[in-house]
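Below you'll find the structure, written out as structure tokens, and then a few comments.
It should be emphasised that the depicted structure is a prediction, and the values quoted were computed from it without experimental measurement. Scope of the values below: all heavy atoms of this structure, side chains included, with no hydrogens, waters or symmetry mates.
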Amino acid sequence: MASPQENTAPPPAMGSHLLERLNDAQREAVEAVDGPVLVLAGAGTGKTRVLTVRLANILATRRAAPGQILSVTFTNKAAREMSERVAGLIGRPTEGMWLGTFHAIGARILRRHAELVGLRSNFTIIDTDDQLRLMKQIIEANQIDEKRWPGRALTIIISRWKDKGWLPDQVPTSEVDDFAHGKSVDLYREYQQRLSELNAADFGDLLLLCLTLFLKHPDVLADYHRRFQYILVDEYQDTNVSQYLWLRLLAQGSNNICCVGDDDQSIYGWRGAEVGNILRFETDFPGAKVVRLERNYRSTAHILGAASGLIAHNESRLGKTLWTEAPDDELGEPVKIQGVWDEAEEARTVGESIEDLQRHDNSLDQMAILVRAGYQTRAFEERLITIGVPYRVIGGLRFYERQEIRDACAYFRLIRQGDDDLAFQRIVNKPKRGLGDKSLQTLYAIARGRGQSLLSASEEVITTDELPPARRTALREFVENIARWRAEASQLSPSELAEIVLDESGYTAMWMADKSVQAPGRLENLKELVRATAEFESLDDFMNHVSLVMDIETDSTDPMANIMTLHGAKGLEFDTVFLPGWEEGVFPNQMAIEEHGYAGLEEERRLAYVGLTRARKRAIVLFAANRTVHGQWQSNIPSRFVDELPQDHTERAEASGYGFVQDDGALWQIAMNKPDQGGRQSNYHRVIEARNQRYGDEEVFVPVGQGRAVPELGSRVFHQKFGYGQVKGIDGAKLDISFDKAGQKKVMADFVEPV
DNA sequence: CGTATATATCTTTTT
DNA sequence: GATATATACG
């Protein structure tokens, strides 16, 4: 371990070359080494550069050893990039540095002191799946109707409390939800209790329990104060209260904390992030130096102009003016705006542009399609496959979130830790061992009655006649397998063990027997899992890594077009950025506005700003008149963000379809559905009203969704399974139908077609 | 107990 | 359209 450096005179030459290629503001940010520093870094102003050079500079001038630096990011991607770039700058790996995500570092700290917060150091980090399963059990145990008070809702409530740094006893009464008539805090307490019994922590705990640790054990905190001489934080605008408190506690030591962020790029409010943290920095850290980076090196003047014009519609912001040095005749291409008929045409249009750009020597790696929500990727994937353009979806399902990986890990967890009931429940009957609901309910009752874990209860149950013989045998085999693997674990390397477990449990065989299209992919993932375990010393190490850090490696070096959500694009940049789905309801997202009102809208606008500013050379905004949502057609009007893009930085492409809309005096087309296909009234009115509000009473073609109409009383209908019949009664979308062959049935209207 | 079918709900964004 | 849950049947 490195001892603290004592006034080692820094060889000036070592650090100075690092500063050469920085502008004044950047250099100021790098050189303000001591004391609190806030760097307000607009999009594309060289934020990462400042962070990495700052780090390299601290190391090169020997102000601190790597082990004395804490560097926190939000994503693993960002952590990795920083590590690589710093290593490149100083010419050696950044070993020993505490560099990682808030959660990964929180976990690392907790494992060293787990006993002090009621855990053991090999505690399991549970994912949202397990979290939900546990929550449902608690709700059920309290005789609360899960239908009325869904576990999912409670996990969200509790997560938000954890984001704010509240343990059950700290939740202010004013904040208590009426969930299950005010029982939410009790349920929260019970949930924490169960987690502790299971030796498990959820994501929120990784920070929350650190806070508890620091506050209850000042000696531990003092130890970290001595350790961390310099603290760096990326994306500070996205920190939640608990992360903020965590940082503030740690920074009390050296007071050398440097936070980098941009209030205009705060897009995680829904996850508890508080823009207030960045706005309040100077109060929180007295004597703070604030540096603004406003010179943009990334985007053309047109893109910057469009983005700035858009974000100017937000009221709550610190206000920054980004500028670029490009001369007037090098404005670049205006942001292109194009309306299309539906998502298929949207995908086709983007596909054609991609092919066209490719023909002009643009690399696919430099193109990205940024969508608001995951479901939008599908149309693009299908299209790109059809035209043979290679692509990658970034940030879709992470490796660990795949079902088969979670299952496999549940086996490992149970081997490691027999009282991991959540893991037990996940896999006792995967593959099918004939242990269905009935047997398991019996087993749960027995375990609960004796206050035992499911596995140890099982060990006893297999010697009694509490379960019917066939089930008992199945359970015995399972229990003995676990015991045997546990015994073998010490002898074997992690990958050998993984292979044996997956094989002998029948888990691999289960997927081999599965003839669904996904099965081969799942087997491939399992192989990848085994391969990945080989890189670790123990299964413990691996488990530790997999849930927090590991993600799918697209190690293919072939150029590919990128598809990802706008959130996933934070921190990235591309020559060309496609921004589809700019429609009211989709983007800005309807739910965001309904739930968070004006603040929600502003966050959506920041998201649009983030999207635009990812582009270096070109941005193409698209909106579709029609889109299928939940399998139903829906008509939408263009997003208000489209109108908010300043006209002198945009160019409107001719749209396909029908309809004319008055727009600031200029007539232009947007695509519209045919008006004669008899459809859903509510949707029709909604769209017309929205349109009129925005554009006045212009004569326009009207869009009509193609939703299936509810059949009339007495009409004849056809049902896939029951055949032909007559409608006898209508209750909303539910129909009473007398079928010719199958008799009287209640059926949802969506399941029948009019004849 | 497992399977097939019917219904419900879902999609906002993630460590 | 896709996936979890509920119900009926083999």
Tell me what Asn429(A) touches on the nucleic acid: a base, only sugar-phosphate, or nothing, going by heavy atoms under 4.0 Å.
-> sugar-phosphate
With sugar-phosphate meaning primed atoms plus P, OP1 and OP2, does Ser439(A) contact a base, only sugar-phosphate, or nothing at under 4.0 Å between heavy atoms?
-> sugar-phosphate
Over 12 non-hydrogen atoms of neighbours within 6.0 angstrom of CD in Gln441(A) = yes
How would you list, by chain and number, every residue that makes a ring-ring contact (aromatic ring centres under 6.0 Å, His included) with [X], sequence neighbours excluded?
X: His545(A); value: Phe536(A)
X: Phe574(A); value: none
X: Phe641(A); value: Phe587(A)
X: Trp270(A); value: Tyr268(A), His567(A)

Look at the aromatic rings of Trp161(A) and Tyr188(A) and report parallel, tilted or perpendicular, splitting at 30° and 60°.
-> tilted
Expected string for nucleotides 10-15 of chain B under the B/S/- scheme (protein heavy atoms, under 4.0 Å, primed atoms plus P, OP1, OP2 as sugar-phosphate) is BBBBBB
Using whole Å, report how far [atom1] of [X] lies from [atom2] of [N].
X: Glu382(A); N: dG1(C); atom1: CD; atom2: C1'; answer: 10 Å
X: Glu381(A); N: dG1(C); atom1: CD; atom2: P; answer: 16 Å
X: Arg472(A); N: dC1(B); atom1: CZ; atom2: C1'; answer: 17 Å
X: Arg433(A); N: dG2(B); atom1: CZ; atom2: P; answer: 11 Å

Report each atom pair, protein N/O against N/O of nucleotides 5-7 of chain C, whose distance is under 3.5 angstrom.
| unit_1 | atom_1 | unit_2 | atom_2 | d |
| --- | --- | --- | --- | --- |
| dT5(C) | OP1 | Lys136(A) | NZ | 2.7 |

Do Arg433(A) and Ser505(A) pass the side-chain contact (heavy atoms from CB on, under 4.5 Å) test, and can you show the C-alpha distance, the side-chain angles, and the key distance before you say yes or no?
-> CA-CA 10 Å; Arg433(A) 299 185 172 91; Ser505(A) 63; 4.1 Å; yes
Using atom P of each nucleotide, how far apart are dA4(C) and dT13(B) to the nearest Å?
-> 16 Å
Is it the case that Lys570(A) places NZ or CZ above or below the six-membered ring of Phe74(A), under 6.0 angstrom from the centre and within 45 degrees of the axis?
-> yes
